Amino acid sequence: MNDNDTKRLSRLTAILTQLQTKRLLTAPELAKRFSVSVRTIYRDIKALEQAGIPVFTEEGKGYRLMEGYKIPPVMFTESQANALILAEQLVLKNKDASFIKDYLEAIDKIKAVLVHQVKDNVNLLAERTRFTQNFNNERNSNNLSDLQFALTNFYVTRIEYTNEANQTSNRLIEPFALLSTQENWLLVAWCRLRKEFRFFRLDRIKKLEMLTEKFSPHKMTLQEYFDKNH
């Protein structure tokens, strides 16, 4: 096997991992990731199909794997997967490029074992989380895991919240995003009481109850929220 064959085999394996990690991938996305032409990706996908890999083409959308294909026996709960997403945010702050590369490759393999619903949820959480190193001054919170779940599954949440003036109120909120600052975790959520998006410090949430009621997802990205509101 020559060097080109070795590179292609490595790329085919990596493409398969990517297809297991995300629900849909386009040829231009894959071409950019692996620094090859779109035509090369077409040939690679055809090679995977000829090898018996159930790759489906959704016209105008991209490629996907058949649901449940080669799901390994080791499974993760959604809360465990969400914890890995936060760990990923921490690693991305590391200054060692090789360490970041190795970790991200490992995370891709872990994501590949998730069923599609959990996979979609952890990808949403990754898009709705901003992290800043805050090892020295971070205040304690016991609600991060529950809020992650409420955010990705669109559950209305009731909180008992104490503001800066030490006034306590009960709010019904629709969790939208999680932000880390130098000192606090902040929740961005639609507040049904104030009828607008508000910031809530997690260390000031005294009680939290996830309700059975679901809310309609807010149709914007975190960046679009920042562009609109700041």
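All of these numbers come straight from a predicted model, not from anything done at the bench.
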(Q) Atom NZ of residue position Lys214 - does it have more than 12 heavy atoms of other residues, nucleotides or ligands inside 6.0 Å? (A) yes
Q: Give a yes or no on whether Gln223 atom CD has more than 12 heavy-atom contacts from other residues, nucleotides or ligands under 6.0 Å away.
A: yes
Q: Take Thr168 and Glu160 through the test side-chain contact (heavy atoms from CB on, under 4.5 Å) and record every step on the way to the result.
A: CA-CA 7 Å; Thr168 300; Glu160 182 181 301; 3.4 Å; yes
Please report the interatomic distance [atom1]([X]) to [atom2]([Y]), rounded to the nearest 0.5 Å.
X: Ile15; Y: Phe34; atom1: CD1; atom2: CZ; answer: 5.0 Å
X: Phe176; Y: Leu222; atom1: CZ; atom2: CG; answer: 5.5 Å
X: Arg158; Y: Leu211; atom1: CZ; atom2: CG; answer: 5.0 Å
X: Ile41; Y: Leu30; atom1: CD1; atom2: CG; answer: 5.0 Å
X: Arg204; Y: Thr162; atom1: CZ; atom2: OG1; answer: 8.5 Å
X: Leu186; Y: Arg198; atom1: CG; atom2: CZ; answer: 13.0 Å

Q: State, with a plain yes or no, whether a side-chain heavy atom of Leu178 is found less than 4.5 Å away from one of Val188.
A: no
Consider only side-chain heavy atoms of I, L, V, M, F, W and Y, link residues closer than 4.5 Å, and tell whether [X] and [Y] are in one cluster.
X: Met220; Y: Phe226; value: yes
X: Leu172; Y: Met210; value: no
X: Phe149; Y: Leu151; value: no
X: Ile173; Y: Leu208; value: yes
X: Leu25; Y: Tyr42; value: yes

Q: Could you walk me through whether Ile205 and Leu147 pass the side-chain contact (heavy atoms from CB on, under 4.5 Å) test, one step at a time?
A: CA-CA 11 Å; Ile205 297 177; Leu147 286 170; 4.2 Å; yes
Locate the shortest heavy-atom distance separating [X] from [Y]; write the atom from each residue and the value.
X: Val38; Y: Ala27; value: CG1-CB, 3.8 Å
X: Glu196; Y: Trp190; value: CA-CZ3, 3.4 Å
X: Glu49; Y: Val55; value: OE2-O, 3.6 Å
X: Phe215; Y: Pro175; value: CZ-O, 3.5 Å
X: Leu24; Y: Glu29; value: O-OE1, 4.3 Å

Q: Without swapping roles, check the side chain of Asn153 against the backbone of Tyr155 for a donor-acceptor pair under 3.5 Å.
A: no
Q) Out of Arg194, Lys195, Arg192, which residue meets the salt bridge (charged side-chain N to carboxylate O under 4.0 Å, His left out) rule with Glu174? A) Arg192
(Q) Using ring pair (Phe, Tyr, Trp, His ring centres under 6.0 Å), reason through Tyr225 and His218 one step at a time and then give a plain yes or no. (A) CA-CA 10 Å; Tyr225 165 80; His218 297 279; 9.7 Å; no
**Q.** Steps toward side-chain contact (heavy atoms from CB on, under 4.5 Å) verdict (Tyr63, Thr26)
**A.** CA-CA 6 Å; Tyr63 303 112; Thr26 66; over 6 Å; no
